[in-house]
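These notes are about the structure you will find just below.
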Amino acid sequence: MKFFSFWAVAVAVCLFGVWVVDGFLEMNEEEIFYTEANASYYIESKAYNPNNALLVGLTLIKSAAAKGAVCLDGTLPGYHWHRGYGSGANSWLIQLEGGGWCNSVRACVYRKTTRRGSSNYMEKQLAFTGILSNKAVENPDFFNWNRVKLRYCDGASFTGDSEHKAAQLQFRGQRIWSAAMEDLMSKGMRYANQALLSGCSAGGLASILHCDEFRNFFPRKTRVKCLSDAGLFLDAVDVSGGRTLRNLYGGVVGLQVGVQNNLPRICINHLDPTSCFFPQNVIGNVKTPLFILNAAYDSWQIQSSLAPSSADPAGYWSHCRKDHSKCSASQIQFLQGFRNQMLNAIKGFSRSRQNGLFINSCFAHCQSERQDTWFADNSPVLGHKPIALAVGDWYFDRSGEKAIDCPYPCDSSCHNLVFR
């Protein structure tokens with residue numbers, strides 16, 4: 001196992017990849033780089049470049065300002081784009097960045113001082129790994145495509161369209177999404193013969209919410225599909241009997257009042273806006289082929305939705321939520337109930353032949369952008385197939401992919417996250 005140097009500022013601000021904002025944990029999944037079963041993870045230094053990965057520069061969208069498509073603090077949004085070549089010259093992969101949400105004025109004002117709310121703080125270069133890698137041995141199906149990572153700086157999964165003048169907050173996620181797509185279309189995406197919209201965590205939720213809209217940018221002859229990685233957030237009961245994530249989502253939708261105008265109409269017509277921010281109430285009505293990649297024991301949801309410290313004041317879950325090997329039998333039983341809820345949520349979705357699934361029984365979060373979980377010698381597998389090949393086989397219709405793991409602890413291929 002490699003031991004990475006700790007970036008002093010990052011450790012001081014976000015110890016072990018977790019932000020605490022208004023009592024709500026936001027895991028910075030992109031900073032978790034290497035894990036093994038029952039091993040600790042380490043924060044990746046922003047100066048660290050794993051395996052000499054391709055570094056791609058930040059492009060600010062100059063045309064966005066005139067459209068009011070700005071980050072929380074009013075700065076320009078941006079993306080990282082590596083141009084496709086050869087057989088992939090007219091193929092496009094859009095990866096929507098993740099990074100939690102802000103559900104109060106205070107949380108969003110704080111977020112303005114980070115890369116999640118201002119392009120002033122965004123890295124000028126990002127390492128492209130996993131599904132973004134430019135190496136065929138690391139990313140066999142998408143390595144030579146146009147690969148774009150759209151940065152996330154609106155706090156509501158690219159859905160808001162309002163403002164809070166008193167706090168000088170711009171909630172313009174929907175405009176950022178539209179401005180970015182318009183800019184990329186002008187740079188050649190309009191000629192795509194195949195396209196894939198993907199995203200991780202909050203970006204995985206965004207890839208679901210924007211999937212059909214993405215499809216409509218292209219002619220019918222263009223192959224267009226969507227991938228949601230770790231975006232299947234469940235409206236689950238936490239360990240105290242409350243609904244921590246529903247309360248958070250209610251705050252997001254209530255604060256960014258424009259969100260409800262950009263949620264799927266078919267859902268809003270019969271459910272409240274907060275419910276329609278939960279993907280389980282949306283995925284059944286997505287018309288475009290969609291692949292759901294998720295850990296059955298999603299680490300972010302365990303840490304921040306099921307057993308956050310706010311729902312566990314006595315600290316009964318403090319060891320279990322950091323390390324699954326320290327969970328009691330009753331705690332594992334509770335987590336098995338969460339897995340069952342996830343499987344129930346995807347029942348209708350899985351009946352469609354066009355959709356794909358990869359639900360592994362791992363304690364993980366975001367597996368498509370990290371090389372060790374996407375495609376490596378010891379990557380997680382289901383049916384002897386790693387995630388990259390399962391997604392590729394589904395995208396190119398080489399085979400139908402609906403793989404669901406047996407319950408924990410059956411899977412020895414997992415790269416489980418363990419927190420110190």
(message) Can you pull out every salt bridge (charged side-chain N to carboxylate O under 4.0 Å, His left out) where at least one residue sits in residues 250-275? Sequence neighbours excluded, please.
(response) Arg246-Asp272
(request) For Asp141, check salt bridge (Lys or Arg N to Asp or Glu O under 4.0 Å) against everything at least two apart and list the hits. (result) Arg398
(request) Please name all residues satisfying ring-ring contact (aromatic ring centres under 6.0 Å, His included) with Phe143, sequence neighbours left out, ordered by chain then number. (result) none
(request) Give every residue pair that meets the salt bridge (charged side-chain N to carboxylate O under 4.0 Å, His left out) criterion with at least one member in residues 69-92, sequence neighbours excluded. (result) none
(request) Indicate whether any N or O donor in one side chain lies under 3.5 Å from an N or O acceptor in the other, for Thr244 and Asp238. (result) yes
(message) Quick test of your reading: applying salt bridge (charged side-chain N to carboxylate O under 4.0 Å, His left out), list the pairs with at least one residue in residues 192-210, sequence neighbours left out, ordered by first then second residue.
(response) none
(message) Holding to salt bridge (Lys or Arg N to Asp or Glu O under 4.0 Å), I want the full list of residues that pass it with Lys62, two or more places apart in sequence or in another chain.
(response) none
(message) Could you tell me if Ser201 and Trp300 have a donor-acceptor pair between their side chains, going purely by distance under 3.5 Å?
(response) no
(message) When you compare the side chains of Asn120 and Thr75, does any donor N or O come within less than 3.5 Å of an acceptor on the partner?
(response) no
(request) Enumerate the residue pairs fulfilling ring-ring contact (aromatic ring centres under 6.0 Å, His included) with a member in residues 56-87, sequence neighbours excluded, ordered by first and then second residue. (result) Trp81-Trp92
(request) Just say parallel, tilted or perpendicular for the rings of Trp177 and His210, cut-offs at 30° and 60°. (result) parallel
Which donor-acceptor pairs under 3.5 Å do side chains of residues 166-175 form with protein atoms, sequence neighbours excluded?
| unit_1 | atom_1 | unit_2 | atom_2 | d |
| --- | --- | --- | --- | --- |
| Gln170 | OE1 | Arg172 | NE | 3.1 |
| Gln170 | NE2 | Glu163 | OE1 | 3.0 |
| Arg172 | NE | Ser162 | O | 3.4 |
| Arg172 | NH1 | Asp161 | OD1 | 2.7 |
| Gln174 | NE2 | Glu213 | OE2 | 3.2 |
| Arg175 | NE | Asp161 | OD1 | 2.8 |
| Arg175 | NE | Asp161 | OD2 | 3.3 |
| Arg175 | NH1 | Lys67 | O | 3.2 |
| Arg175 | NH2 | Asp161 | OD1 | 3.4 |

(message) Quick check: closest heavy atoms across Ala156 and Val252, and the distance to 0.1 Å?
(response) CB-CG1, 3.8 Å
(message) By the ring-ring contact (aromatic ring centres under 6.0 Å, His included) test, which pairs, at least two apart or in different chains, include something from residues 187-209?
(response) none
(message) Does atom NZ (Lys124) have a neighbourhood of more than 12 heavy atoms from anything else shown, all under 6.0 Å?
(response) yes
(message) Using every non-hydrogen atom in the two residues, find where Thr159 and Asp154 come nearest and quote the distance to one decimal.
(response) N-OD2, 4.0 Å
(message) Quick check with a 6.0 Å cut-off and a 45 degree axis cone: is Arg339 positioned over the face of Phe363's six-membered ring?
(response) no
(message) Under a 3.5 Å distance rule, please check whether Ser413 uses its side chain to pair with a backbone N or O of Pro380 as donor and acceptor.
(response) no
(message) Quick check with a 6.0 Å cut-off and a 45 degree axis cone: is Arg147 positioned over the face of Phe142's six-membered ring?
(response) no
(message) Check whether Tyr395 reaches the backbone of Ala195 with its side chain - one donor and one acceptor, N or O, closer than 3.5 Å.
(response) yes
(request) For residues 299-316, pull every pair meeting salt bridge (charged side-chain N to carboxylate O under 4.0 Å, His left out), keeping only residues two or more places apart or in separate chains. (result) Asp312-Arg321
(message) Between Asn139 (side chain only) and Ser133 (backbone N and O only), is there a donor and an acceptor less than 3.5 Å apart?
(response) yes
(request) Using the test salt bridge (Lys or Arg N to Asp or Glu O under 4.0 Å), find all partners of Arg243 that sit at least two apart in sequence or belong to another chain. (result) Asp235
(request) Just jot down the salt bridge (Lys or Arg N to Asp or Glu O under 4.0 Å) partners of Lys385, sequence neighbours excluded, or say none. (result) Asp393, Glu401
